[in-house]
Asks: 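Can you read through this structure? Questions will come right after.
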2 protein chains.
Amino acid sequence: MDEQLRREVNLLHANLCQALADPTRILILYALAESPRHVSGLAELLDAPQSTVSRHLKVLRDRRLVTTSRDGAAVHYALADPRVIDALDTLRAVLTSALSQQAALAQSLS
Amino acid sequence: MDEQLRREVNLLHANLCQALADPTRILILYALAESPRHVSGLAELLDAPQSTVSRHLKVLRDRRLVTTSRDGAAVHYALADPRVIDALDTLRAVLTSALSQQAALAQSLS
DNA sequence: TCCGGATAACCGCTTGTGCGAATACATCGC
DNA sequence: GCGATGTATTCGCACAAGCGGTTATCCGGA
C-alpha cells in the first residue's frame, strides 16, 4: 500500500486521533469551545481530580489542540483550532444518520 | 456539567471515535474511500492476516462505518458515509496547521 | 467439496487510565 | 527576601483494555 499515505495516516493518528480516543478529552474540547477555562474550572465541571484533568490537558497540549496562557497563579486553557469542533460535529452528524438508520431498520423488523 | 452533552459525547466516543483510535482502521477507511474492496484485497493491501483485518472490519461494521454486500463468494466492503473522510480530512488540515506552526516556532528559536 | 470470510479463544505485549502523593510555580502578606 | 497559600504539573502504582498473531472452527456460496 502507498507508503506516503501510510505515513501520513500514522501521523494523523498519533497526533490527533489518539487525542480524541478518550471521552473525557472530547468533553474538555467542547467545554473549551464554549468558553476558555482554568484547570480548576474544568476539574469542577468534569467532577474529576485536578491531576486527572491536568494529564488529559497535557495530551491535548502536546498535540497543540489547546493553547495555554498564564493568568496569575492559574493557567488559562483555550481551544487552539475550532476546526477540531467542526470535525467532531461532522462525526456527530454521521452518528445521527447511523442511529436513525439503525432505528428504521429495527422498526421494519418488528 | 451538562448531562445531555455528556451522554452525547459518550455516545460519540463509543460509536465513532473509538473506531478511529487505531491507525490500521483509518487506513482501511481511506482504502475503501478510494475504492470498495474485498477482505482479501484489504489483507493484501495492509499486509496483515485475514483474521486481523476481519477483526478490524467487525469494529467498523458494528459502528456502521462500512457496508457489506455479497459478491459471489467474496464480500464487498464499502464506505458507509463519506463524511467520515471529510472529518478525517479536516483533522488533517488541523494537523498541517499545527505542524507548520511548530516548525515556524522551532525556526524562530534557532 | 473447495474457497473466501467470520468468529472465537488464547497469549504476550503495549498503552492508557485513574487516583493519591509529592513536587513546582506564582502570588500575597510580612 | 521569605514563608504561607492556592494552583497546576508530574510521578508512582495498580488496573483494565486493546492490539497483533496464531490456531481452530464454522458458514456461505460456487
Side-chain angles (χ1 to χ4, degrees), chain A residues 1 6 9-29 31-32 36-80, chain B residues 1 6 9-29 31-32 35-78 80:
Chain A
M1 131 160 271
R6 209 175 193 127
V9 166
N10 278 333
L11 220 62
L12 176 63
H13 170 261
N15 282 287
L16 290 186
C17 292
Q18 214 162 48
L20 303 180
D22 185 280
T24 304
R25 284 197 287 270
I26 302 180
L27 281 173
I28 290 179
L29 289 175
L32 291 182
R37 293 169 203 272
H38 295 169
V39 177
S40 56
L42 284 171
E44 186 186 357
L45 203 66
L46 300 172
D47 191 29
Q50 279 82 2
S51 81
T52 298
V53 174
S54 189
R55 196 154 42 140
H56 283 302
L57 285 172
K58 177 176 175 51
V59 175
L60 297 174
R61 210 191 318 135
D62 287 349
R63 285 161 178 76
R64 291 185 170 62
L65 288 175
V66 299
T67 59
T68 68
S69 61
R70 276 231 161 251
D71 179 18
V75 174
H76 218 60
Y77 276 88
L79 197 60
Chain B
M1 127 164 274
R6 207 173 195 132
V9 166
N10 278 334
L11 221 62
L12 176 64
H13 170 262
N15 282 288
L16 291 187
C17 292
Q18 213 161 49
L20 304 179
D22 185 277
T24 303
R25 284 196 290 268
I26 302 180
L27 281 173
I28 290 178
L29 289 176
L32 291 181
S35 80
R37 293 170 201 273
H38 297 168
V39 178
S40 54
L42 284 171
E44 186 186 357
L45 203 67
L46 299 171
D47 191 29
Q50 280 81 3
S51 86
T52 297
V53 174
S54 190
R55 202 170 34 201
H56 282 303
L57 284 173
K58 178 177 173 52
V59 175
L60 297 174
R61 212 189 320 134
D62 286 349
R63 286 163 178 75
R64 292 183 168 61
L65 288 176
V66 299
T67 59
T68 69
S69 62
R70 277 232 164 249
D71 178 19
V75 175
H76 218 60
Y77 276 87

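If you're wondering where the values come from, they're calculated on a predicted model, not measured in any experiment.
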Asks: Return the value, rounded to whole Å, for the distance between atom CG of A:Asp62 and atom C1' of C:dT15.
Replies: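 That distance rounds to 16 Å.
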Asks: Using the test salt bridge (Lys or Arg N to Asp or Glu O under 4.0 Å), find all partners of A:Asp71 that sit at least two apart in sequence or belong to another chain.
Replies: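 A:Asp71 satisfies salt bridge (Lys or Arg N to Asp or Glu O under 4.0 Å) with no other residue.
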Asks: Apply side-chain contact (heavy atoms from CB on, under 4.5 Å) to A:Arg55 and list each qualifying residue two or more places apart in sequence or on a separate chain.
Replies: none
Asks: Which value, rounded to the nearest 0.5 Å, describes the distance between A:His38 atom NE2 and A:His76 atom NE2?
Replies: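 The NE2 atom of A:His38 sits 5.0 Å away from the NE2 atom of A:His76.
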Asks: Restricting to salt bridge (Lys or Arg N to Asp or Glu O under 4.0 Å), what partner residues turn up for B:Arg25, sequence neighbours left out?
Replies: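 With neighbours one apart ignored, the set is empty.
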Asks: Tell me the interatomic distance from B:His13, atom NE2, to C:dT17, atom C1', rounded to whole angstroms.
Replies: 12 Å
Asks: Could you tell me which non-hydrogen atom of B:Tyr77 sits nearest to which non-hydrogen atom of B:Leu32, and how far apart they are?
Replies: O-CD2, 3.5 Å
Asks: Just report the end-to-end axis angle for the helix from C:dG4-D:dC27 to C:dC30-D:dG1, five pairs per end, to 10 degrees.
Replies: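 Computed angle between terminal axes is 40°.
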Asks: Return no unless some side-chain N or O of A:His56 is found under 4.0 Å from OP1 or OP2 of C:dG16.
Replies: no
Asks: Considering only heavy atoms from C-beta outward, does the side chain of A:Leu29 approach that of A:Val66 to under 4.5 Å?
Replies: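 A side-chain contact under 4.5 Å exists here.
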Asks: C:dT17 P sits how many Å from A:Ile26 CD1, rounded?
Replies: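 About 11 Å, once rounded to whole Å.
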Asks: How long is the straight-line distance from CG of B:Leu57 back to OG1 of B:Thr68, given to the nearest 0.5 Å?
Replies: 10.0 Å
Asks: Rounded off to whole Å, could you give me the CD-to-P distance for the A:Gln18 and D:dC19 pair?
Replies: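 From A:Gln18 CD to D:dC19 P: 11 Å.
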Asks: Which parts of nucleotides 1-7 of chain C does protein reach within less than 4.0 Å, heavy atoms only, written one letter per nucleotide 5' to 3' as B for base, S for sugar-phosphate only and - for none?
Replies: ---SSBB
Asks: Taking only the side-chain heavy atoms of A:Thr24 (C-beta and beyond), determine which of C:dG16, D:dC19, C:dG18 contains the nearest atom.
Replies: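 In terms of side-chain proximity for A:Thr24, the closest of C:dG16, D:dC19, C:dG18 is C:dG18.
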Asks: Taking salt bridge (Lys or Arg N to Asp or Glu O under 4.0 Å) as the test, write out the residues that go with A:Arg63, two or more places apart.
Replies: none
